[in-house]
Amino acid sequence: MSSESMGPLVLRAQRGDQAAIEALYQQFAQPIYRYVAYRVATAADAEDLTAEVFVSMLKGLPSYRQTGVPFEAWLYRIASARIADHYRRMRTRPQADLADDLADSATLPEDRILALQEIETLRRALRQLTDEEQTLVILRFVERKSHQEVADVLGRTPKAVRSMQYRALIRLASLLGSEEKVRHYLRGEKS
Amino acid sequence: MTEFHHDPDSLADQLDRLLPPDQPDQIGTDGGPLTEAAARLASAPHPTLSPDAMARIQSQMMQTQPPPQYQVRLAALRRLATAAALFVLVIAGTLYAARELGITLVAPAMSTLVNTPVNTAPAAATISTPITPAPVASEIVVTQVTPTVGQSPPPTDVPTAAPSVTVPAVATSTLVPIVPTPTESLPPTALPPPATVIPTALPAVIIVEGPVQSIDENIITIFNVDITLDANDPVLSVLQVGDVVRAEGEAVAGANTLMVMAASVAIIDLEVFIDPDGAIWRDPGDCSNPPPAAAPAPDWRARCESTGGSGSSSGDGTGGGSPPPDGGTGGATPPPEGDGGSAPPPDHPDTVVICHHAPGESGQQQTITVSWDAWVNAHSGHGDTLGPCQ
């Protein structure tokens, strides 16, 4: 659904239309959860934070039009803020084990375990990037957003997003075990 | 085949081809490590919210849902209150600035004297009673306080004998008082700052009444307002510093101080007569200089012809006042000589400070500085007294 077609739905939600609120939730719950899940350590944290995002959405709906950004971008900004809050809270208490999701994986089928391991590998690599780079890479390649849509979320220009994407992918490729390959690549050598 | 993308733009374009936006099923790579990293992320089994978790979160969200309509109204009310507060602040600031700078806004009903035609206007300065300004006020009157040598001007809400600069209702100009810079030389009298007129669509008709401070060829100054007369205006040949005049004209565009191009200027505190040959007669204030036969000079004739030049007065108040019955007030006025005239002492000053009794307005006084000649020939003859007003 495009930003333009979101308008009436958002307007109805602002007026308290329950069906519209539910429709917004159904549309954005999974993308927001994916975004949050790649950025925090456990599925439980991701679920809690997703709930916080949608509660914040409801509270902020009356003032949404003042922000002047697409609705989806506004939601991602809320999610980013909630994640930042989460890590601030984490500094004051012991951090959860990053492998929570894998702890109970002994009873899962092998392909499921491999999938969880891949997610965990990507998550660990992503978390080495800056907050903005994480948001960019997740939105660009997990959610398949355009440079303009990413720019709306980050509050930057598309050109700045392209530059940031270049730096983020160099770093991510190195973190994912292609350091040697990246070096050759940057030198212009074929691997 | 590995492609090399050494700049962000070529990499972005390549990624748009290999991993196009909004097409999650299309995942490609060119063998380069950067596109491979992006493709690996794109093709990973992404975390998914289970249906149970979806329901839990939805339930949690709905339980904490505030009434959105109410909040919308609150937001609108907040904006309205902010706008109202800003409006009140602007109005209050304008009133405060107007009060501090001596600008008084008057309603039309309060300015009957201002609207009096020039020919029948009383000689006295226009008095406008300040009232609480209304946004629809059709006139702006810049009220000047009584200038007093060595004293601070009184508050503007006490317009004692206040001459005025009047902008009638036809004007759409904006009067912006300005503070004189330190390099500006002020006249001997302590006057409030001049005003600036910024003409807009319609010409502003300016009426200025008050004593002439200075005369520079065809430019006379009244209360720091420069008024340009026609160079051939005969009144220039008779006008003297200290004469109380009424000037009417248009504000000059682009000036950084109030300047008026006068259409008419009339001396209103004494009688003058200019015959067709250019001969000038000024009422000396006493009976020493009879007017030409052609001059109406009603004041002089009423004062001098009916009493045989005794110096007593029966003026109608439109051009002169009653001379002091004893030839002076409190000893400040030079003693009368002959039939009521004043003889200058051998070493008289060039200018004197006098208390000017505005003709036609009983009780209205103002302290002004005039030349000795103006004092002897005019002011001393109609009740003015030497020294500042008490």
Under a 4.0 Å threshold between the charged nitrogen and the carboxylate oxygen, would [Y] count as salt-bridged to [X]?
X	Y	value
A:Asp152	A:Lys145	no
A:Arg39	A:Glu132	no
B:Asp9	A:Lys159	yes

Non-hydrogen atoms of chain B under 4.5 Å away: do they reach the side chain of [X], the backbone, both or neither?
X	result
A:Glu118	side chain
A:Val161	neither
A:Phe54	both
A:Glu22	both
A:Leu114	neither
A:Leu122	side chain
A:Arg140	side chain

Where on B:Arg56 is there a heavy atom nearer than 4.5 Å to chain A: the side chain, the backbone, both, or neither?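 Side chain only.
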Taking the six-membered ring for Trp, are A:Phe28 and A:Phe71 parallel (under 30°), tilted (30 to 60°) or perpendicular (over 60°)?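 A:Phe28 vs A:Phe71 ring planes: tilted.
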Could you list all the side chain to side chain donor-acceptor pair (under 3.5 Å) pairs where at least one residue sits in residues 41-52 of chain B, not counting sequence neighbours?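 Sorted pair list: A:Tyr38-B:His46.
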Is the closest side-chain donor-acceptor distance between A:Tyr35 and A:Thr50 under 3.5 Å?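 Note: A:Tyr35 and A:Thr50 side chains miss the donor-acceptor criterion.
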